[in-house]
Amino acid sequence: LQLVESGGGLVQPGDSLTLSCAGSGSPLENYAIGWYRQFPGKAREGLLCIQRFGGVVDYDDSVKDRFILSRDNAKNLAWLQINNLKTEDTAVYYCAAANACFDGHDYFYDYWGQGTQVTVSS
């Protein structure tokens, strides 16, 4: 399985942004898709995970009201929508695939995308 994120960029505070995660090489429906972000100089942090057929697991309660996950297995795509972006959301965002959502530790994930930069600035 290969994963490619897209959709990052420079946005203003209060904007919304949707990040995409495209899978290839293996059906995405075989995997739970987790989303992580990494701040400069910090370890990756788990955000949320969407199970194979749509249930969402929150790894970070502080974002669950603004971050929305979805997926379309027929298109091998998953999305992370971020609403009301804040400057502190500036980070590199990753999608990853695992057999299940588990508890958010990144070592459960076997496949990772390359990441997409989100910068929130006025």
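On a predicted model such as this, the values are computed, not experimentally measured, just so you know.
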S.K.: Distance-only, no hydrogens or angles: does the Thr119 side chain make a donor-acceptor pair with backbone N or O of Thr90 under 3.5 Å?
M.R.: no
S.K.: Is there a donor-acceptor pair under 3.5 Å between the side chain of Asp15 and the backbone N or O of Leu17?
M.R.: no
S.K.: Testing the basics here: between Asn83 and Ser16, what is the closest heavy-atom pair and its distance to 0.1 Å?
M.R.: OD1-OG, 3.0 Å
S.K.: Does Leu19 share a hydrophobic cluster with Tyr111, counting links as ILVMFWY side-chain heavy atoms below 4.5 Å and allowing steps through other members?
M.R.: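 In one cluster with Leu19: Tyr111, yes.
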S.K.: Measure across Cys21 and Leu3 and return the closest heavy-atom pair with its distance rounded to 0.1 Å.
M.R.: SG-CD2, 3.9 Å
S.K.: Look at the aromatic rings of Tyr94 and Trp112 and report parallel, tilted or perpendicular, splitting at 30° and 60°.
M.R.: perpendicular
S.K.: What salt bridge (Lys or Arg N to Asp or Glu O under 4.0 Å) pairs are there with at least one residue in residues 41-60, not counting sequence neighbours?
M.R.: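 Sorted result for residues 41-60: Arg44-Asp106.
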S.K.: Grouping I, L, V, M, F, W and Y whenever their side-chain heavy atoms are under 4.5 Å apart, do Val63 and Ile82 come out in a common cluster?
M.R.: yes
S.K.: Taking Glu5 for the side chain and Cys95 for the main chain, is one N or O donor matched with an acceptor at less than 3.5 Å?
M.R.: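 Yes; judged by distance alone, with no hydrogens or angles, the pair exists.
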S.K.: Do you know which of Trp35, Tyr31, Tyr36 makes ring-ring contact (aromatic ring centres under 6.0 Å, His included) with Tyr109?
M.R.: Tyr36
S.K.: Quick one, Ser121 and Leu10 - any side-chain contact, counting heavy atoms below 4.5 Å?
M.R.: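 In contact.
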S.K.: Are Leu77 and Leu47 connected in the hydrophobic side-chain network, where two residues link if heavy atoms are under 4.5 Å apart?
M.R.: no
S.K.: What heavy-atom pair brings Arg66 and Leu85 nearest, and what distance separates the two atoms?
M.R.: NH1-CA, 4.0 Å
S.K.: Going by side-chain contact (heavy atoms from CB on, under 4.5 Å), Ile33 matches just one of Ile50, Leu48, Leu80. Which one?
M.R.: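 Among the candidates, only Ile50 passes.
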S.K.: Hey, is the main chain of Cys101 close enough, under 3.5 Å, to the side chain of Tyr59 for a donor-acceptor pair?
M.R.: yes
S.K.: Is there side-chain contact between Leu28 and Leu1, with at least one heavy-atom pair below 4.5 Å?
M.R.: yes
S.K.: Taking the side chain from Arg71 and the backbone from Gln51, do they hold a donor-acceptor pair closer than 3.5 Å?
M.R.: yes
S.K.: I'd like to know if the side chain of Arg37 reaches the main chain of Tyr93, judged simply by a donor and an acceptor atom lying under 3.5 Å from each other, with no hydrogens or angles considered.
M.R.: no
S.K.: Does Asp89 reach the side chain of Phe67, with side-chain heavy atoms less than 4.5 Å apart?
M.R.: yes
S.K.: I'd like to know if the side chain of Gln12 and the backbone of Ser122 have a donor-acceptor N/O pair within less than 3.5 Å.
M.R.: no
S.K.: Is Asn73 close to Phe53 at the side-chain level, that is, under 4.5 Å between some pair of heavy atoms?
M.R.: yes
S.K.: Do you know the tightest heavy-atom contact between Gly14 and Asn84?
M.R.: CA-OD1, 3.6 Å
S.K.: Just say parallel, tilted or perpendicular for the rings of Phe108 and Phe102, cut-offs at 30° and 60°.
M.R.: parallel
